[in-house]
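Below is one structure; the comments refer to it alone.
Naming convention: chains lettered A, B, ... in sequence-line order (proteins, then strands); numbering from 1 in each chain. As a basis for the values below, the full set of heavy atoms in this structure was taken, side chains included, without hydrogen atoms, waters or symmetry mates.
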Amino acid sequence: MSDSTEVLASAPTTGPAAVAAGIRANAGAADEGGRGSGLRKGIVAIVALVVLFAVPFVANSYLVFVLSLTLVYAISTVGFNLLVGWSGQIGLAHAALFALGAYGSAISVQHGVPFLITIPLAGVAAALLAVIIGFPAVRLKGFFLAIATLALGMAIVELLVFARPITGGGAGMNVDVWTLPGITGSASTYFVILVVAALTFFLTRRALLGRFGRTLQAVRDLGPLTGSLGVSVLRYRLVAFGLSGFIAAVAGTLYSQLQTFIFPAMFHMNLLVPMLVMVFVGGAGSLWGPLVGAAFAVVIIEFFQDLGDQQAIAYGLVLMVVIALLPGGLTSLFRTVRDSRFGTALSRRKPATPVPGTEGTAAAETAAKEDA
Amino acid sequence: MMRKPLLIAAAAVTALLAAACGNVSSSSGAGGGETPPGITADQITIGATLPITGTAAVSGQGLQAGIQIAVDEINANGGIGGRKVNAIILDDGFTPDRVVTNVRRLVSQEKVYAIVAPAGSQGLPGTWQFLAENKTPMWGPISPADPKQAEVYLLSATRAAQDSVAIDYFAKKGAKRLAVIKQDNDLGVSAKQALDAQMPKHPDMQVVADETTATGSTEVSSAVNKVVAAQPDAVLLAEDNTSTALILKQLRAQGFTGMVFADQGAGGTGGPSTVGPAGEAAEGFLGGMQADTVSTNNPAVEHWRELAKKSGKPQAESGFSLQTYSFVQAFAELVKRMGDDVSYANFQKTAEGLKSDPIKLGSIPDIECGPLPDGHTCARQAGIAKYTGGKWVVEQEFMAPI
Amino acid sequence: MLQTIVSGLESGSWFALLGLAIVVVMKAADVPNFAMAEMGLVATYVGISLAAAGLPFWITVLATLVVGIALGVLIDAALMRRLSKYGHFPLLLMTIGLSLALNAVVGLIWGHDPRSFPAPWSGVSVSVGGGVSIGVSQIVSIVVGLVGAVAITMFFRSSTGAQMRAVAENRATARLIGVNAGRLSAIAWGIGGLIAAVTVMLQAQSSLVSTITPTSLIIYGFVAATMGGFTSLIGTFVGGLILGVIQQFVGAYLSTAAQFSVALLVVFLVLVLRPDGFTKGVRLRDV
């Protein structure tokens, strides 16, 4: 009896626990955040923002659209990453909460609510729903949590089909686009997206680098043991659920403005799988991973456009190669490079012991050392 | 030292703002009278987004082949009024946000004159507002519902129109009990529109079963079980190729012998995409016709068939290919009729004038667009074909719903 | 009613078998394999091509199974094993990438048209009275599913199976007592590929398969595996069957449109009430 329960308990939990190495590699990012001059980082961020702000003035509407889409997915991935990467819970209702934001905003706007107000409104509604979903689910572990949240998410999307009088059912609904006076719809949407993206990244960065982020990680890595430190595990897990739901819905409201027409089939597995890809390709538990992951998912498809009917296979292969070479995600590449040359020179640390074959391990080890 | 990049960036941004402020202003853009993009004295660029990969690749590759055949033929004959046609075809993998992205790319980046024969009926509505902003015409999109807007022209009977013609046909054949199996997306909505419009006109006929299946799922057996239990005389399907074939197989396996109809897209009328997988169960199956893919004595169709065979691609001989082939030919005819004034205003004027002088290709119903609100549905007629003895034959000529 | 139960048991057998394939790989190699249904699809398409080329039915069945096994072993050796030290997520993502690539390969080689695997009994049905007739292919699905489940359970009682159980229970200890984890992982992947090939082949002999099939099949497979707690073979098998039957009953008596979500909601309730899989209290000691 004891053996078998042992297996039952451990098999599903190995998910978050065993991945700790990979995630901890990215957690190095958090430590690096403290390194270097804060002023310089601030300036870089402002310059980047100004350049991004200028894009619609020089680029055509296609490029603006691709950039907008990337930013929307990046925002959504920040939320997903918070849940999956930082708190270690594989909650799969993210696409449904995203859909809730899109529909909530579009329906409210139709009933005369100004679009800008629907952004936080949809966020709060989705956060509440996420907590309700999370309440029974946080007690589940690993894949049980994944399947349970997947089930609820699917049911939510299905409800959108049934609520035909409000949502237009399976055929979808039109979205009224909000515009700044005198400016095209695409550019207006882009500016809103840019502001929201900047806020999201700024706020989550602050939260995750501080006590909140450390506690989330502790809850993830230590599990129930954290209880002895005086931290309520369940409460932190729920907060992670609520926050990620909030961010998902905010991204969803922007997505609806971008698409101008939404329907339930947009938010099925065909959205959830790319969302997972964005989290892990970027690097689970890293700060800038969501941006990198979203850019990967959106931009690479545009680059493969010339490959005709071979592009689907090319996408799959690139994904496999990235994971094979960089199991910690694309952002681990930057750290590996930095740690190997500049990092060692600057901080006079011992060079990371290169493990034959993979760079990811080196990053993981360095990070482990930093932790120690 | 740190201020330098900031200064440079600020200077650059100011310069850019000053230089290119017009880019975001909503008052600019291609207006009615200006010269539209994508057209010069010797070239005209058109574009389309199609599901060349992904779940709808069967239709997407057929549609692509049709555009290619038409463009090659037009260019071999000297182009449209001396302008060579340059067709840019993008793949959307049957995902809606890529349909929207692709249309933006075609209009803003590739600078096409018009979007001709694109597919993706669920994703296309996401482009209506954008097209209106840019005034770019969309000529012959494959079967979305009519948005009733100036830029969009529908050249073939919508699914709802085909379903309506089928309901009339069922009534004519004396069917009293009608069953429906539809997908929970725009396909299902089209079927519902047809039912709402036509059932009141046939008081003797009633709907005895109305089942819905989930999009992308091949789980159809419980819908079939319920339909068979309702003992209908006729079954109307609004599903994708695979589900249609599957339902057909299961209906026949359970001994159902009545009439079964699906629209051209779902039935793959004229080609093997549905009847092939359905095997023996396809005997007697009815398919809608937006284009005359079936008859063997129509010179326009025989001409296309010859070109399709010559292209060497099996997809080129599908009904999808005839559809886009015809749409591109109709586009060439329209541009020819526009004469020297290639402005979008004249495009709309010439197209809406087709009511009095339709484009007659022979392979599809005559294209007779008129003014808005309803005139941009340029063809209402649909035919019905029957699959008997291993081949498609015309069961009912092209006609409009009652 | 009877028709509903038989249809449910038939699709339930597919879900159950795929769930078993997932659990076997999960147990011995510790990989949540999202490419499982695609592996079966590739194998089945090879078999269909051979059948179209005129080979006898049973030879094509054998070939399909061999391709399934070979594919599993190959994927394990070439892609998975070197990633195993990074935990679940990179492995999971690798199988997602693999599923996209395999699906695209099938589309390129065989096209996206749906296909069937014609068996000697295809289209034959047995009348069971009351106007209800049951297809032989449905019976084949159910029987093969049952036989497959028994065979896998038997395998885990053999000495190789015992070693796998040891690995599943504790990797480090297993290595200490001289278990070759690499060989076991290859065997598990081979078995997984074999079962996946059987699953998709069964679906193809009864209905149609195409590049769309794996998407929904893999979700049902994972749901079945979850109901068995990712460890219990019997729990997975029974879970798959129940899932299939629930789905049919929802379709028949509630709404065909809600089949999928209601089935998933039932699973959700099961999970919330019994967080370690629904067979925890009743299962035999099969791990």
>> Tell me every residue that passes side-chain hydrogen bond (donor to acceptor under 3.5 Å, both in side chains) with C:S49, counting only those two or more places apart in sequence or in another chain.
In response: C:W110

>> Take a 6.0 Å sphere around CD of B:Q206 and say whether it holds more than 12 heavy atoms from other residues, nucleotides or ligands.
In response: yes

>> Atom NZ of residue position B:K226 - does it have more than 12 heavy atoms of other residues, nucleotides or ligands inside 6.0 Å?
In response: yes

>> For chain B, which candidate among C:S11, C:S207, C:A104 shows the most heavy-atom pairs at distances under 4.5 Å?
In response: C:S207

Between atom [atom1] of [X] and atom [atom2] of [Y], what is the distance when rounded to the nearest 0.5 Å?
X      : Y      : atom1 : atom2 : result
C:N103 : B:T53  : CG    : OG1   : 10.0 Å
C:I212 : B:S243 : CD1   : OG    : 7.0 Å
C:R115 : B:T242 : CZ    : OG1   : 12.0 Å
C:S206 : B:L246 : OG    : CG    : 8.5 Å
C:L208 : B:N241 : CG    : CG    : 11.0 Å
B:S59  : C:H112 : OG    : NE2   : 10.0 Å

> Side chain, backbone, both or neither: which part of C:S7 has a non-hydrogen atom closer than 4.5 Å to chain B?
Replying inline: side chain

>> I need the minimum non-hydrogen distance between C:A252 and B:S222, along with the two atoms involved.
In response: N-CB, 4.2 Å

> So which of B:P277, B:G276, B:G255, B:A245 has the largest heavy-atom pair count under 4.5 angstrom toward chain C?
Replying inline: B:P277

> Does the side-chain contact (heavy atoms from CB on, under 4.5 Å) test come out yes or no for B:K249 and C:S116, once each step is laid out?
Replying inline: CA-CA 11 Å; B:K249 277 183 96 162; C:S116 64; 3.9 Å; yes

>> Run C:Q248 and B:N225 through side-chain contact (heavy atoms from CB on, under 4.5 Å) and show every step you take.
In response: CA-CA 10 Å; C:Q248 287 295 323; B:N225 289 344; 4.1 Å; yes

